[in-house]
2 protein chains.
Amino acid sequence: MIDKSVKIDSFDLKILTALQRDSNLSQRDLAEKVGLSQNACWRRLQRLHSTGLIRGSHIDVDLSALGLDLTVFVMIRTRHHSKEWIDSFRDHVERLPEVIDFYRIGGEWDYLIKVVTRGMSGYDAFYQKLITNFDLATVTGFFSMEAMIDNRGLDLSRMR
Amino acid sequence: MIDKSVKIDSFDLKILTALQRDSNLSQRDLAEKVGLSQNACWRRLQRLHSTGLIRGSHIDVDLSALGLDLTVFVMIRTRHHSKEWIDSFRDHVERLPEVIDFYRIGGEWDYLIKVVTRGMSGYDAFYQKLITNFDLATVTGFFSMEAMIDNRGLDLSRMR
DNA sequence: GTTGAAACACCCTCAAT
DNA sequence: ATTGAGGGTGTTTCAAC
């Protein structure tokens, strides 16, 4: 659980924003960018890690260069709303390797899944796995024509 | 432009998968994890960078701990399909700091935007900015109740 | 908060196999 | 592909301000 009482100032937001853009910045470059001494910057970074505000760091892979060239947003409506059914559906979807996002949502639909596959045949294979053993009322895929922004790091200094 | 002729083997996929999970792995740990010598692993890593397969690295920030606790998937239908209109709409959306994903999609809707805000009032502020000066036929927000998977790194070894 | 210095770990290269 | 070793760079800690 995260300690919500952690105090964050604009230096911290600058650190987080800079490392969202490039987590391989050296301590020297990061300190210069946020306007702190290397030492002070390093201490803040430790704090951001230990409080859980920084959850980890990850490389960004060019999936389409690997042939994973189709992104689909799958909207699902179901007839089942018991806790047991939801838990088993969650387990089912989590095991599907094509899944990047999986949200339970409100409104007209129950679930939204963001999926990456090898073209349409890969999507069909995903679809077949998805509906196996699960009674879904409606499944609709919205196919990406163009990713204008994909998982952009937020400029936290501008968010408020 | 990416060189699509780059040859990738299962060692490369293991490297990419491991660094998607944690890009701060030391060369020693990474080499051990994929089953290569540190030296060989380092050379592959250079190649993955120089061919553009690794686009960069980023920290993952706990946005809800910063008060950015509402995720909304916004579906948009428009009446305009000229190149000029699309370009200016793209510029407009790219300037909105709340946007994480922005896709042009096929089917019943034209655009899908993934947005993070400070609660419902933050979403309303986003919505007002979004529709200012742009004629959108339909705008519907699907509100996240629960993020079961959020931007999961794919296990590339399992994708085919 | 700052600078500066020292200890340490890691990265990168190279040579040899 | 591998190991091993050296030099350079960056990180981390500490002392003093």
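Chain naming here is simple, since letters A, B, ... match the order of the sequence lines and numbering starts at 1 in each. All values below come from the heavy atoms of this structure, side chains included, with hydrogens, waters and symmetry mates left out.
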| request: Would you please name every residue forming a salt bridge (charged side-chain N to carboxylate O under 4.0 Å, His left out) with A:Asp150, sequence neighbours left out? | output: A:Lys114
| Atom CG of A:Asp9 to atom P of C:dG1: distance rounded to whole Å? | 8 Å
| said: Tell me the interatomic distance from A:Leu45, atom CG, to D:dG10, atom P, rounded to whole angstroms. | reply: 16 Å
| Quick one: salt bridge (charged side-chain N to carboxylate O under 4.0 Å, His left out) pairs with a partner in residues 19-45 of chain B, sequence neighbours left out? | B:Asp9-B:Arg44, B:Asp12-B:Arg44
| Salt bridge present between A:Arg152 and B:Glu94 (N-O < 4.0 angstrom) | no
| said: Rounding to an integer number of Å, can you tell me how far B:Glu32 CD sits from D:dT3 P? | reply: 12 Å
| Partner set under ring pair (Phe, Tyr, Trp, His ring centres under 6.0 Å) for B:Tyr127, not counting sequence neighbours | none
| said: Tell me every residue that passes salt bridge (charged side-chain N to carboxylate O under 4.0 Å, His left out) with B:Arg104, counting only those two or more places apart in sequence or in another chain. | reply: A:Glu146
| query | Please give, in whole Å, the distance from C:dG1 P to A:Phe11 CZ? | reply | 8 Å
| said: My understanding is that only residues two or more places apart in sequence, or in another chain, count here; which of them pass ring pair (Phe, Tyr, Trp, His ring centres under 6.0 Å) with B:Tyr111? | reply: B:Phe89, B:Phe102
| query | Considering only the P atoms, how many Å lie between D:dT12 and C:dC12, rounded to the nearest integer? | reply | 15 Å
| message | Is the distance from the ring center of A:Phe143 to that of A:Tyr123 below 6.0 Å? | response | yes
| query | Going by heavy atoms closer than 4.0 Å, what residues in residues 12-20 of chain A are next to DNA chain D? | reply | none
| field | B:Ser37 side-chain proximity, nearest of C:dG1, D:dT3, D:dA1 | value | D:dT3
| message | Under the rule for ring pair (Phe, Tyr, Trp, His ring centres under 6.0 Å), what residues qualify as partners of B:Phe11, not counting sequence neighbours? | response | none
| request: Give the B/S/- string for nucleotides 9-17 of chain C, one per nucleotide from 5' to 3', where a protein heavy atom under 4.0 Å of the base yields B, of only the sugar-phosphate yields S, and otherwise -. | output: --SSSB---
| Listed partners of B:Arg47 passing side chain to side chain donor-acceptor pair (under 3.5 Å), at least two apart | none
| query | Which stems does DNA chain D form, counting runs of 3 or more consecutive Watson-Crick or G-U wobble pairs with both distances under 3.5 Å? | reply | C:1-10 with D:8-17, C:12-17 with D:1-6
| note | So side-chain hydrogen bond (donor to acceptor under 3.5 Å, both in side chains) across residues 72-83 of chain B, not counting sequence neighbours, yields B:Arg77-B:Thr138, B:Arg79-B:Asp135, B:His80-B:Asp135, B:Lys83-B:Asp87
| Residues in ring pair (Phe, Tyr, Trp, His ring centres under 6.0 Å) with A:His92, at least two apart? | A:Phe134
